[in-house]
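One structure below.
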Amino acid sequence: MSDQQAQKQAAAKAALSYIEDDMILGVGTGSTVNCLIELLPTLKLAGAVASSQVTEDKLRALGIEIVDLNFAGTLDVYIDGADEVNANLQLIKGGGGALTREKIVAAASNKFVCMVDASKSVEILGRAFPVPIEVLPQARSYVARQLARLGGEPVYREDFVTDYGNVILDTYDLDVSDPVALEQTLNNIVGVVCNGIFAANQADVLLKASSNGVETLLR
Ligand code: 5RP
């Protein structure tokens, strides 16, 4: 097993301490979350709200009941991974294309626990990883032009459609030095459904794995 995979597993194991019996758990998407999902059958969950169809299918296959967010009320805990995280626990997410559903479930939860391996920590968001932006299909070219005006270089994610039937523009070279401001600016472009900057609602808890163990950072 690679060191990175071992770190993902260690972070997922550490996340178990935030899950209580009979809880309806918000479950994110991605390879780190998959490590967590494998551990869930050992727990006594009331159910789970999934942040993507992929996660929903995996949870169902393990016999975990899927709850519609509209009937779940406010969730106590949402657990997910990230593509990048800064020292303020602000994130870039959406590498797996589930950013909108992830942002909704995170917003509807009291506590967002984020699990990362050492490769995800950055000083400034968006320098290495592009900002994924979910866009209504008809608005793709218009939004791309607006992103270029902001200094970004949008790249259409080929052969990918989100759970909501939209497309993704992975946008390089945006200035993410003020993540809250840029998140808002991107949301204001007509045709943008959601963007992968999680800054106004950042993580509450960061479980940061490295080869030395798992460090817990709080907002
Ligand atoms: C999916 C996401 C994931 O949380 C993010 O891509 C991290 O994935 P991984 O755990 O596989 O590195 O935002 O939309």
Side-chain angles (χ1 to χ4, degrees), residues 1-16 18 25-40 48-59 69 77-86 89-109 111-122 125-135 155 157 159-172 176 179 183 186 192-210 214:
M1 185 194 303
S2 70
D3 188 39
Q4 188 182 33
Q5 184 61 20
Q7 289 177 26
K8 289 179 187 202
Q9 289 188 351
K13 204 167 166 198
L16 291 179
Y18 293 88
L25 180 67
V27 184
T29 300
S31 57
T32 314
V33 167
N34 290 345
C35 297
L36 176 72
I37 290 175
E38 283 174 19
L39 303 173
L40 294 181
V49 174
S51 72
S52 66
Q53 192 57 51
V54 172
T55 289
E56 192 169 317
D57 293 344
K58 285 182 189 294
L59 292 168
L69 182 63
V77 178
Y78 174 64
I79 306 179
D80 201 352
D83 298 299
E84 286 191 343
V85 56
N86 69 13
L89 276 53
Q90 296 166 320
L91 316 168
I92 288 183
K93 290 185 48 54
L99 60 153
T100 302
R101 205 160 145 184
E102 291 172 341
K103 212 179 242 194
I104 293 168
V105 185
S109 303
K111 187 178 282 180
F112 178 1
V113 178
C114 183
M115 313 169 292
V116 293
D117 61 76
S119 71
K120 306 295 182 66
S121 284
V122 298
L125 297 171
R127 295 242 165 114
F129 201 87
V131 179
I133 302 177
E134 180 164 351
V135 176
V155 176
R157 200 180 290 187
D159 301 322
F160 186 85
V161 176
T162 70
D163 283 357
Y164 298 120
N166 299 315
V167 299
I168 301 252
L169 295 174
D170 289 306
T171 308
Y172 294 82
V176 200
E183 182 179 10
L186 296 174
V192 167
V193 175
C194 188
N195 71 81
I197 300 174
F198 285 50
N201 254 329
Q202 71 270 60
D204 299 297
V205 177
L206 181 69
L207 301 172
K208 188 172 152 187
S210 70
V214 181

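In listed order, ligands and their atoms are each counted from 1. For the single chain, residues carry numbers from 1 onward in sequence order.
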Give the residue, atom name and distance (to 0.1 Å) of the protein heavy atom nearest [atom].
atom	value
atom 12 (O) of ligand 1	K120 NZ, 2.6 Å
atom 5 (C) of ligand 1	D83 OD1, 3.2 Å
atom 4 (O) of ligand 1	K93 NZ, 2.8 Å
atom 9 (P) of ligand 1	S31 OG, 3.3 Å
atom 1 (C) of ligand 1	E102 OE2, 3.1 Å
atom 3 (C) of ligand 1	T29 O, 3.2 Å
atom 10 (O) of ligand 1	T32 OG1, 2.6 Å

Which of the atoms of ligand 1 are close to [X], meaning less than 4.0 Å from one of its heavy atoms?
X	value
G97	14 (O)
A98	14 (O)
G81	4 (O)

Is G94 close to ligand 1, meaning an N/O of one under 3.5 Å from an N/O of the other?
-> yes
May I ask you to check if ligand 1 and G96 share an N or O to N or O distance below 3.5 Å?
-> yes
Please identify each residue that fulfils salt bridge (charged side-chain N to carboxylate O under 4.0 Å, His left out) with K8, with sequence neighbours left out.
-> none
Atom pair CD1/OG1 of I37 and T29 - distance to nearest 0.5 Å = 7.5 Å
Any salt bridge (charged side-chain N to carboxylate O under 4.0 Å, His left out) pairs touching residues 163-172, not counting sequence neighbours?
-> R101-D163, R157-D170
Do you know the tightest heavy-atom contact between L207 and A14?
-> CD1-C, 3.9 Å
Check whether the side chains of Q53 and D57 place a donor and an acceptor atom closer than 3.5 Å, and report yes or no.
-> yes
Any K8 heavy atom less than 4.0 Å from ligand 1 | yes
